[in-house]
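Report on one structure; see the data block that follows.
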Amino acid sequence: MKREDYLSWDEYFMGIALLAAKRSKDPGTQVGACIVSPDNKILTMGYNGMPTGCHDDNMPWEREGDPLETKYLYVCHAEFNAILNNGGRSLKGATLYATLFPCNECAKAIIQSGIQKVIYMEDKYADTDAVIASKRMFDMVGITYEAYEVKHKKIVIEL
């Protein structure tokens, strides 16, 4: 008999997204994303961080203050990085696993790339305009989104 306590696809891919989040240098929020083909092949991954060549030590990580001295005008989100890191392959029909519900800017990239489903772990900004706009756009174009549900296991990523 085969063993019964193996990871489901959702647990496996969300685990990859959680592991990717560990690469983020952001002291406040670490987000990871994993994009998967319709036949459960990992296509690409990403985490929130500074653009390539913008050295982390030279960039601001503050959350408040002069906008030019905060992280928000500089950081690339995990979903955006995953889409850009794809190497030009098609993402049509893919599923995106994200540790945090995508903002409106990432939602636009998700739509444009052809991703059809979003599975997210947290939706802590659900009441913000950015997430409300994301959900409106996803609903408009038929992208499904659902909260990740732990069925009978807990994924723990500590290294």
Side-chain angles (χ1 to χ4, degrees), residues 6-61 68 70-125 128 130-131 133-150 153 155-159:
Y6 59 89
L7 294 176
S8 70
W9 285 119
D10 284 350
E11 289 167 322
Y12 177 64
F13 297 132
M14 191 58 76
I16 299 292
L18 286 164
L19 187 60
K22 294 288 191 182
R23 284 285 309 142
S24 176
K25 316 293 188 312
D26 190 319
T29 304
Q30 300 83 46
V31 180
C34 178
I35 302 175
V36 179
S37 72
D39 61 344
N40 293 321
K41 304 290 187 271
I42 296 173
L43 299 172
T44 183
M45 295 166 284
Y47 57 89
N48 58 313
M50 295 299 172
T52 303
C54 295
H55 299 288
D56 301 320
D57 293 337
N58 300 330
M59 300 300 290
W61 291 102
L68 289 173
T70 68
K71 65 183 179 177
Y72 299 110
L73 295 177
Y74 306 102
V75 168
C76 295
H77 289 181
E79 307 91 328
F80 187 67
N81 268 330
I83 291 167
L84 292 176
N85 291 341
N86 187 40
R89 292 174 294 187
S90 174
L91 298 177
K92 187 175 173 126
T95 298
L96 181 137
Y97 290 81
T99 60
L100 187 62
F101 197 94
C103 72
N104 63 304
E105 293 300 319
C106 289
K108 290 185 264 186
I110 289 164
I111 293 165
Q112 292 297 90
S113 71
I115 292 168
Q116 285 298 298
K117 185 174 187 178
V118 173
I119 298 176
Y120 61 93
M121 181 168 271
E122 286 187 85
D123 194 7
K124 66 181 180 180
Y125 301 113
T128 66
V131 171
S134 295
K135 291 176 182 175
R136 281 185 187 171
M137 288 186 283
F138 288 161
D139 291 342
M140 198 176 296
V141 300
I143 292 177
T144 59
Y145 49 93
E146 63 185 55
Y148 169 74
E149 288 185 39
V150 177
K153 297 170 187 65
I155 298 173
V156 178
I157 306 286
E158 289 185 34
L159 301 174

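Positions are given from 1 along the sequence. Worth saying up front: this structure is predicted, and the values here are computed from it rather than measured.
A donor-acceptor distance shorter than 3.5 angstrom exists from the side chain of Ser134 to the backbone of Cys103, with no hydrogens or angles considered. With hydrogens and angles ignored, the 3.5 Å screen pairs no side-chain donor or acceptor of Thr95 with any backbone N or O of Val36. In this structure, the side chain of Tyr74 engages the main chain of Leu68 through a donor-acceptor pair within 3.5 Å. Remark: side-chain polar atoms of Trp61 are paired, donor with acceptor, to backbone N or O of Asp56 under 3.5 angstrom.
Rounded to the nearest 0.5 angstrom, Met45 CE and Leu43 CG are separated by 10.0 Å. Taking NZ from Lys22 and CD from Gln30, the interatomic distance works out to 7.5 Å, rounded to the nearest 0.5 Å. Here the straight-line distance linking atom SG of Cys76 with atom CD of Glu105 works out to 11.5 Å at 0.5 Å rounding.
Side-chain contact between Phe13 and Ile35 is absent, with no heavy-atom pair separated by less than 4.5 Å. Residues Tyr145 and Lys135 meet the side-chain proximity criterion, which asks for heavy atoms closer than 4.5 Å. Looking at heavy atoms from C-beta onward, Ile110 lies in side-chain contact with Phe138 at the 4.5 angstrom threshold. Tyr148 is not listed as a side-chain neighbour of Glu122, based on a closest heavy-atom distance of 4.5 Å or more.
Here the closest heavy-atom approach between residue Met50 and residue Pro60 is recorded as CE-O, 3.4 Å. Scanning all heavy atoms of the two residues, the minimum distance from Pro38 to Gly93 falls at CG-O, 3.4 Å. Among all heavy-atom pairs drawn from Ile16 and Cys34, the shortest one is CG2-SG, 3.7 Å. Taking all atoms of both residues into account, the shortest heavy-atom contact from Ala20 to Gly46 is CB-O, 3.6 Å.
Checking Asp39 against Ser37 by side-chain atom types alone, a donor-acceptor pair falls below 3.5 Å.
For Lys124, there are no salt bridge (Lys or Arg N to Asp or Glu O under 4.0 Å) partners, not counting sequence neighbours. Evaluation of the side chain to side chain contact (heavy atoms under 4.5 Å, CB included) rule for Glu146 yields Lys117, Ile119 as partners, not counting sequence neighbours. For Asn40, there are no side chain to side chain donor-acceptor pair (under 3.5 Å) partners, not counting sequence neighbours. Every side chain to side chain donor-acceptor pair (under 3.5 Å) that Ser24 has, sequence neighbours left out, goes to Asn48.
Taking the six-membered ring where tryptophan is involved, the planes of Trp9 and Tyr12 are perpendicular, since the angle between them exceeds 60° and thus also 30°.
For residues 77-88, every residue pair satisfying the side-chain hydrogen bond (donor to acceptor under 3.5 Å, both in side chains) rule, not counting sequence neighbours, is listed here: Asn86-Arg89. Sequence neighbours left out, the pairs with a member in residues 103-122 that pass ring-ring contact (aromatic ring centres under 6.0 Å, His included) are Phe101-Tyr120.
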